[in-house]
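Here the structure is a predicted model, which is why all the values come from computation and not from measurement.
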Amino acid sequence: MKKIFLSLALLAFAVTAIGQELSQPEFEGQSCTSIMVGKSASKDGSVITSHTCDGRYRTWMHMEPAEDHATGTVHKVYKGTLHTTFRGDTTGLKLAGVIPEAAHTYAYLNTAYPCLNEHQLAMGESTFSGPDTLINPQGMFLIEELQRIALQRCTTAREAIRLIADLIKVYGYGDGGECITIADTKEVWQMEILGEGKGIIGGIWAAQRIPDDQVGVSCNIPRIGRLQRGNTEYFMCSENIEEVAKRNGLWDGKEPFVFWKAFNSSYANGKNFREREYFILSHLAPSLNLSMDMPELPFSVRPDKNVDVREVMDLFRATYEGTDMDMCKNLKMTVSRKDKNGKSYEDTVISAIANPWMTSAMQKTLNTIAPGVVEFRRTVSVAWCSYSFVAQCRDWLPDCVGGVAWMSLDNPAQSPRVPIFCGTSTLPEPYSICGQKEYNPNAVIWKYRRANKLATVAWQRTKAGMNAELKKLEDKAFGRLSTLEREATRLDRIGRIDDVHATLNNFTNQEYENTTFAWSQLEAKYWQLFGMGF
């Protein structure tokens, strides 16, 4: 009888899975992943940072142009920019204050958390919240606005860290604990920031460089350990860290001070890692024999082999399939097969409608019917991702084409990626529309989300075909890159900047057209596949 009920529950799951974007809770402390790769650790010599923007954040994006500003101009700093529906939308915006504007600001890719500028400065993000007692709502800056200012005014990671530190000190940090992963063509840093406490303008921060031959990861848990103030090549931090920790009862002043221990959140369970950090670092450095039972994981590790950018994309698709952390491993059914002699036999397989992105309601339903059949794991990819990117910074190419953000919308395990370059000046029109607050077939996220949700209904049947399509599209895009890079470099060298922009815009648009057409074809295929019912 239990098997029958389990089968019925799985069938109900298939019917409800398509609505999981609407019902999936944004788990506190479990939104966003960033993977970093040092220059000597990458396969091609690029520096890599990345970001999965997990949650119901705005999905419109825009290439903001470089601008010159008259003396005395001010820059307005807002709160609420993460949830607007188009570039000029002021709904929910609150003016937090103004600061002097720079004489010149750089062009940048304006995403919910701004991520790449024209000089190959790139930023990922991951919230770790930290102690509530340190949050000061009167602080002017939220993390996304610090990222915006740094991208407008800086060309290197170190310069960005110093500017952000100055802005925090003068105007105050008003957000929860945040990590930004900052890359340029030479190095990548992890910067972790918190407030000083209610009513106190200022903040605390520490920044640690990922060694060139290593990789790092940030997944909603602070990772920086001992403060290394004398090691200016690899470490920077504010002077007030220990004092703030002691004043707020987060450090006794006796034990050796460890940043992540003092400012950790309940999600971390007293460690500096959970599933995602363990899986990613173990995948890249299996020889280290890392374990979930360890009290602490290294801040960064040397990978067993150099990391290709497409391997980072694959890690963003991770659901722990085939491991002990696979949420589908117990969701099985029996099927009839025939051996080579034509004799029938029964086999046990993962149910065709099992998938790793179950809603909390379905998990509870299944565990009520068969206690313990599903053990929740926070996978790297989630169905409630707004967008994600993997950014490469490459110093052997001119900035215009050397910096590229491989962007996807919706679930990063399912959606293809479109390259947006430092020198891309315009994006296809659907990128200007946010599709989070209502269904809009013209919004870029819905160009992919429709097929993705249909595929999820019977994921064990659809994933092979969808993965094959992803690989085919990636192969095609990467196969065209060298020709594009040569042409963009030639045009840049002779100063034909408008032609550089046009060439890069065309490439981005072609990849957008290729991927959206492929996903419209998949959507049609899935409707045919499920024409008799889910």
(request) Go through the steps to decide whether Met407 and Met61 satisfy the test side-chain contact (heavy atoms from CB on, under 4.5 Å), and finish with yes or no. (result) CA-CA 11 Å; Met407 185 70 67; Met61 50 191 74; 4.0 Å; yes

(message) Glu277 vs Arg223, test: salt bridge (charged side-chain N to carboxylate O under 4.0 Å, His left out). Steps then yes/no.
(response) CA-CA 10 Å; Glu277 295 91 344; Arg223 304 266 297 131; 5.4 Å; no

(message) Test side-chain contact (heavy atoms from CB on, under 4.5 Å) on Val349 and Met333; report intermediate values, then the result.
(response) CA-CA 6 Å; Val349 299; Met333 67 180 188; 4.1 Å; yes

(request) Before giving the answer on side-chain contact (heavy atoms from CB on, under 4.5 Å), spell out for Gln392 and Asp44 the whole-Å C-alpha distance, their side-chain angles and the decisive distance to 0.1 Å. (result) CA-CA 10 Å; Gln392 293 177 275; Asp44 63 356; 3.3 Å; yes

(message) Please evaluate residues Ser432 and Glu429 with respect to the criterion side chain to side chain donor-acceptor pair (under 3.5 Å), reporting the C-alpha separation (whole Å), side-chain torsions for both, the decisive distance (0.1 Å), and the verdict.
(response) CA-CA 6 Å; Ser432 68; Glu429 181 61 25; 2.9 Å; yes

(request) Take Thr49 and Ile182, measure what side-chain contact (heavy atoms from CB on, under 4.5 Å) needs, and give me the verdict at the end. (result) CA-CA 7 Å; Thr49 190; Ile182 314 173; over 6 Å; no

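Side-chain polar atoms of Asn220 and Arg276 form a donor-acceptor pair below 3.5 angstrom. Under 3.5 Å, the side chains of Ser218 and Glu192 contain no donor-acceptor pair of N or O atoms. In summary, the side chains of Ser344 and Ser336 do not present any donor paired with an acceptor at a separation below 3.5 Å, with no hydrogens or angles considered. Looking only at atom types and distance, the side chain of Gln436 has no donor-acceptor partner in the side chain of His83 under 3.5 Å away. Neither side chain, Asn452 nor Asn411, offers a donor N or O lying under 3.5 Å from an acceptor on the other. Under the 3.5 Å distance criterion, with hydrogens and angles disregarded, no donor-acceptor pair is assigned to the side chains of Thr181 and Gln190. No side-chain donor-acceptor contact under 3.5 Å links Thr515 and Arg417. Checking Thr59 against Ser386 by side-chain atom types alone, no donor-acceptor pair falls below 3.5 Å. Counting only N and O atoms by type, the side chains of Ser50 and Trp406 include no donor and acceptor under 3.5 Å apart.
With contacts defined as side-chain heavy-atom distances shorter than 4.5 Å, the pair Leu409/Tyr431 qualifies. Using a 4.5 Å heavy-atom cutoff, the side chains of Ile224 and Trp260 are not in contact. By the 4.5 Å heavy-atom criterion applied to side chains, Ile350 and Asp326 are not counted as neighbours. For the pair Ser282/Leu288, no side-chain contact is recorded, criterion being any heavy-atom separation below 4.5 Å from C-beta on. Using a 4.5 Å heavy-atom cutoff, the side chains of Glu311 and Lys43 are not in contact. For the pair Ser381 and Trp357, the minimum side-chain heavy-atom distance is below 4.5 Å. Between Leu284 and Ile280, the closest side-chain pair of non-hydrogen atoms falls below 4.5 Å. Residues Ile221 and Lys271 fail the side-chain proximity criterion, which asks for heavy atoms closer than 4.5 Å.
For Trp60, the ring-ring contact (aromatic ring centres under 6.0 Å, His included) criterion is met by no residue, not counting sequence neighbours. Under the ring-ring contact (aromatic ring centres under 6.0 Å, His included) criterion, Tyr113 pairs with His51, Tyr57, not counting sequence neighbours. Evaluation of the ring-ring contact (aromatic ring centres under 6.0 Å, His included) rule for Phe316 yields no partner, not counting sequence neighbours. Remark: Phe299 engages no residue in a ring-ring contact (aromatic ring centres under 6.0 Å, His included) (not counting sequence neighbours).
The two atoms that bring Thr516 and Tyr448 nearest to each other are CG2-OH, 3.4 Å, heavy atoms only. Closest heavy-atom contact between Arg58 and Thr111: NH2-O, 3.2 Å. Shortest non-hydrogen contact noted between Asn264 and Pro222 is OD1-CD, 3.4 Å. Annotation for Arg461 and Ala352: closest pair CG-CB, 3.7 Å, computed over non-hydrogen atoms. Across all non-hydrogen atoms, the minimal contact from Ala405 to Leu116 is N-CD2, 4.0 Å.
For the side chain to side chain contact (heavy atoms under 4.5 Å, CB included) test with Lys447, the passing option among Phe517, Tyr512, Trp519 is Tyr512; the others fail. When each of Leu194, Ile193, Val258 is checked for a side chain to side chain contact (heavy atoms under 4.5 Å, CB included) with Phe263, only Leu194 meets the rule.
The pair Lys472-Asp475 does not count as a salt bridge, with every side-chain nitrogen at least 4.0 angstrom from each carboxylate oxygen. Remark: Asp89 does not engage Lys437 in a salt bridge, criterion side-chain N to carboxylate O under 4.0 Å. For the pair Arg394 and Glu485, the salt-bridge criterion is met [side-chain N within less than 4.0 Å of a carboxylate O].
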Check residues 302-309 and write down every donor-acceptor pair under 3.5 Å in which the side-chain atom is one partner and the other belongs to a residue at least two apart or another chain.
{"residue": "Arg302", "atom": "NE", "partner": "Asp213", "partner atom": "OD2", "Å": "2.9"}
{"residue": "Arg302", "atom": "NH2", "partner": "Asp213", "partner atom": "OD2", "Å": "2.9"}
{"residue": "Asp304", "atom": "OD1", "partner": "Ser287", "partner atom": "OG", "Å": "2.7"}
{"residue": "Asp304", "atom": "OD2", "partner": "Ser287", "partner atom": "N", "Å": "3.0"}
{"residue": "Asp304", "atom": "OD2", "partner": "Ser287", "partner atom": "OG", "Å": "3.3"}
{"residue": "Asn306", "atom": "ND2", "partner": "Ser40", "partner atom": "O", "Å": "3.3"}
{"residue": "Asn306", "atom": "ND2", "partner": "Ser42", "partner atom": "O", "Å": "3.0"}
{"residue": "Asp308", "atom": "OD2", "partner": "Arg310", "partner atom": "N", "Å": "2.8"}

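Between the side chain of Lys463 and the backbone N or O of Asn355, no donor-acceptor pair lies under 3.5 Å.
For residues 520-534, the set of pairs meeting the salt bridge (charged side-chain N to carboxylate O under 4.0 Å, His left out) definition, not counting sequence neighbours, comprises Arg450-Glu523.
By the 30° and 60° cut-offs, the orientation of the rings of Phe530 relative to Tyr526 is tilted.
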